[in-house]
Number of protein chains: 2
Amino acid sequence: MSLSDIASALGVSKATVSWVLSGKGDSRRISQATQKRVKEYAATHNYHPNMLARSLSLGRSKTIGLLISSLSDPFYSSIAKAVVNRAESVGYTVMIATSESDCNKEASLVETFSHRKVDGIITTPTEGADWVDGFTNAGGRLVFADRAVPGSDIPSVVVDNEQSSYRLVSHLIEKGCSKIAMFTTAHNLVNMKARQAGYVRALEDAGIPVDTRLIRDVASVYNQKMVEDELDDLLRQVPDLDGIFFTTHVLVLPTYVHFANRGIMPQGGAGWACFHSLPEFDILLPKMSIARMSIEQLGARAVDLLLESIENGTVSLGTTVTLSCEMMLK
Amino acid sequence: MSLSDIASALGVSKATVSWVLSGKGDSRRISQATQKRVKEYAATHNYHPNMLARSLSLGRSKTIGLLISSLSDPFYSSIAKAVVNRAESVGYTVMIATSESDCNKEASLVETFSHRKVDGIITTPTEGADWVDGFTNAGGRLVFADRAVPGSDIPSVVVDNEQSSYRLVSHLIEKGCSKIAMFTTAHNLVNMKARQAGYVRALEDAGIPVDTRLIRDVASVYNQKMVEDELDDLLRQVPDLDGIFFTTHVLVLPTYVHFANRGIMPQGGAGWACFHSLPEFDILLPKMSIARMSIEQLGARAVDLLLESIENGTVSLGTTVTLSCEMMLK
DNA sequence: CAATATCGCTTAACCGGTTAAGTAAACAAA
DNA sequence: TTTGTTTACTTAACCGGTTAAGCGATATTG
């Protein structure tokens with residue numbers, strides 16, 4: 001079933017059929033009678049346009065590329081979910097690829113997307129993504145999600161890392177904690193830096209001196225031993241620890257287990273505060289304070305920003321949408 | 001940069017350029033000199049074919065559609081990861097969509113994929129997927145992952161639900177358990193039925209009568225209260241319970257928390273056995289026996305099966321690949 | 001030396017849409 | 001009656017690839 005099939009079956013031209021079926025029948029003054037014939041024929045024969053042909057012709061594919069670090073990490077798969085849902089609801093289809101945080105792979109996947117003529121790309125960029133300029137100079141539309149690349153003009157959707165961290169740590173202080181550790185990873189990433197800044201500012205505003213022994217960066221979160229060594233060292237050096245601020249949810253469970261194994265029960269997480277959450281925290285650590293990122297919003301806004309850029313071209317350089325976290329202070 | 005651009009720049013025809021760049025230069029006896037000129041020009045000007053045009057012309061898009069229930073559930077996102085990785089490695093791009101287990105939405109997403117001319121679809125089908133016949137009769141290639149539709153001829157990749165369950169429950173029996181509960185959900189799904197069959201067979205082979213009070217189906221896994229009510233009732237009716245077989249990993253954490261809250265520590269999960277795992281089980285329940293599905297394999301085999309069907313058409317009707325689980329008996 | 005084969009390309013149709021430009025017929029106004 | 005306008009279309013080019021068929025020039029063969 002193609003336009004030509006319909007055209008020859010009804011004895012009209014391809015153009016007529018195309019206009020009728022793309023809703024331009026009236027403006028191109030096709031008679032009501034012909035429009036009816038075409039529409040009915042298309043409906044009864046279940047015609048649907050070949051989107052490849054349409055995309056080729058229009059130079060727009062109604063397709064976006066989503067390039068994330070990983071799909072096994074619930075954080076990224078939630079972004080994927082949000083992006084897919086939003087895109088779907090506005091008639092776009094998502095092509096998905098994972099970079100595994102490998103900058104070269106990322107660059108090559110961007111190429112693939114380009115050749116497939118996606119209308120734009122949403123990505124959680126890796127450090128030092130050097131393909132960005134080439135892509136945008138060639139007219140590619142791009143939106144960063146979760147993290148911006150410092151010094152870049154690309155529109156992005158991020159959360160208020162500094163402010164939310166500040167509020168989490170301030171809350172711990174208000175509850176009476178004064179020896180609050182900060183447990184982090186990949187502390188050079190722009191988001192982690194901002195969270196650390198919030199931690200530091202909260203302590204300073206409360207007149208508590210920042211003790212660098214309390215700030216712990218663990219190189220590999222997925223190496224349980226590394227996490228435990230860091231925790232052991234922390235507890236040895238600061239035995240009167242009374243609070244922990246986790247810059248990321250992935251550090252919480254390994255810590256929980258390590259404490260539980262040593263008989264130091266985390267008391268439902270009172271005295272703990274964490275950036276972002278996992279479903280199991282509700283039941284495992286009901287008293288932990290959490291700054292919850294709305295990933296649903298993050299993804300949806302990223303799509304909106306991208307589509308605005310694609311369809312209207314009205315996104316100004318340097319646009320950054322900053323979402324606030326939902327504060328669950330306990 | 002298009003074929004025509006190269007052609008006119010070098011004073012040759014589009015056909016020549018197309019043949020050279022698609023590797024048919026020798027078989028179409030284009031002179032080495034011309035081939036070199038074309039290839040060098042293409043390389044220095046960074047030419048890459050427009051995949052929309054190529055797909056339209058070839059009638060093959062090197063694109064597959066992945067239609068899963070959800071992206072927030074780690075099980076499905078792992079399938080997505082595996083499929084994306086495998087597809088990528090063989091030069092295919094994945095379009096992704098989520099049905100949220102809604103059969104109508106599923107059908108409409110299949111339509112979308114069709115119009116976009118994917119070469120085939122991999123899906124974890126919902127119950128009563130009535131679009132299947134229409135899709136395959138129209139020449140669509142399809143592979144089911146994780147669950148087959150009973151009575152359907154569609155190639156599928158599944159795991160040995162019955163056998164692995166049998167081995168898990170047998171292992172608990174060997175360790176001395178005799179009052180083993182089966183905790184399940186959605187027990188009418190084909191996979192769940194098979195797991196239940198394995199449980200029953202293990203008990204029968206050991207000469208233990210099947211006690212229906214021990215078999216518990218919880219309607220909504222995400223409703224913590226429902227899970228807890230079922231557990232309370234179970235413990236009331238069978239206080240001397242000494243083992244639990246979970247037909248799915250999602251039931252484990254709610255149970256863990258409920259037990260922990262009542263001071264019944266699960267002792268690292270000794271006496272528990274579970275179908276499939278979550279990363280946190282390693283640290284939370286190190287003694288639980290697990291039949292671990294290799295989702296990496298599941299996804300990869302699904303892609304392989306689909307590509308075989310697309311590229312060679314040599315997949316016979318009713319092909320079912322059954323993967324064995326990795327048994328982690330403790 | 002004419003007939004044939006081989007080489008190295010080109011031409012043009014096709015995939016299935018979109019759309020600018022053109023045209024024949026009907027009707028209205030001068 | 002001639003000119004102009006509107007109506008309701010058609011023609012044909014284009015998007016950027018692929019590929020069957022054709023064609024002139026040189027090389028080989030009888």
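Within every chain, numbering begins at 1; the chains are lettered A, B, ... in the order of the sequence lines, protein sequences first and strands thereafter.
Rounded to 10 degrees, the angle between the two end axes of the helix from C:dC1-D:dG30 to C:dA30-D:dT1 is 70°, with five pairs used at each end.
In this structure, B:S55 reaches neither bases nor backbone, as no heavy-atom distance under 4.0 Å exists between it and the strands shown. Using a 4.0 Å heavy-atom distance criterion, A:G25 is classed as making no nucleic acid contact.
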Worksheet entry | Sugar-phosphate or base contact per nucleotide [nucleotides 14-22 of chain D; S, B, -; heavy atom under 4.0 Å] | -BBBBBBB-
Discussion item. Run the side chain to side chain donor-acceptor pair (under 3.5 Å) test on A:R116 and B:T93 for me, step by step, so that the C-alpha distance in whole Å, both residues' side-chain angles and the decisive distance to 0.1 Å come before the verdict.
Written reply: CA-CA 9 Å; A:R116 291 197 176 273; B:T93 299; 2.6 Å; yes
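Distance CD1 (B:I30) to P (C:dT6): 17 Å, rounded to an integer number of Å. Between the P atom of C:dG8 and the CG atom of B:L10 lies a distance of 18 Å, rounded to the nearest Å.
Between B:R29 and C:dG8, a side-chain N or O to OP1/OP2 separation shorter than 4.0 Å is absent. At C:dC9, one or more side-chain N or O atoms of B:S31 fall inside 4.0 Å of OP1 or OP2 (strictly under the cut-off).
The ring pair (Phe, Tyr, Trp, His ring centres under 6.0 Å) contacts involving residues 84-120 of chain B comprise A:H48-B:H115, where partners must be two or more places apart or lie in separate chains. The ring pair (Phe, Tyr, Trp, His ring centres under 6.0 Å) pairs that include a residue from residues 20-45 of chain B are B:Y41-B:H45, where partners are two or more places apart or lie in different chains. Applying the salt bridge (Lys or Arg N to Asp or Glu O under 4.0 Å) test to every pair with at least one member in residues 298-321 of chain A, sequence neighbours left out, gives these pairs: A:R60-A:E311, A:R86-A:D304. Residue pairs meeting the salt bridge (Lys or Arg N to Asp or Glu O under 4.0 Å) criterion with at least one partner in residues 24-37 of chain B, sequence neighbours excluded, are B:K36-B:E40. The stretch residues 124-136 of chain A participates, sequence neighbours left out, in no salt bridge (Lys or Arg N to Asp or Glu O under 4.0 Å) pair at all.
Listed by chain and residue number, nothing satisfies the side-chain hydrogen bond (donor to acceptor under 3.5 Å, both in side chains) test with B:S324 (two or more places apart in sequence, or in another chain). Applying the side-chain hydrogen bond (donor to acceptor under 3.5 Å, both in side chains) criterion to B:T112, with sequence neighbours excluded, gives no partner residue.
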List the atom pairs, donor and acceptor, that lie under 3.5 Å between side-chain atoms in residues 103-110 of chain B and the rest of the protein, sequence neighbours left out.
from   : atom 1 : to     : atom 2 : distance (Å)
B:K105 : NZ     : A:E88  : OE1    : 3.4
B:E106 : OE1    : B:T126 : OG1    : 3.0
B:E106 : OE1    : B:W131 : NE1    : 2.7
B:E106 : OE2    : B:T126 : N      : 3.1

Under 3.5 Å, side-chain donor or acceptor atoms of residues 9-16 of chain A against the rest of the protein: list the pairs with distances, not counting sequence neighbours.
from  : atom 1 : to    : atom 2 : distance (Å)
A:S13 : OG     : A:T16 : N      : 3.4
A:S13 : OG     : A:T16 : OG1    : 3.1

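B:S61 contributes a side-chain N or O that, together with a main-chain N or O of B:K117, makes up a donor-acceptor pair within less than 3.5 Å.
Within residues 109-121 of chain B, no residue is approached by DNA chain D to less than 4.0 Å at the level of any non-hydrogen atom.
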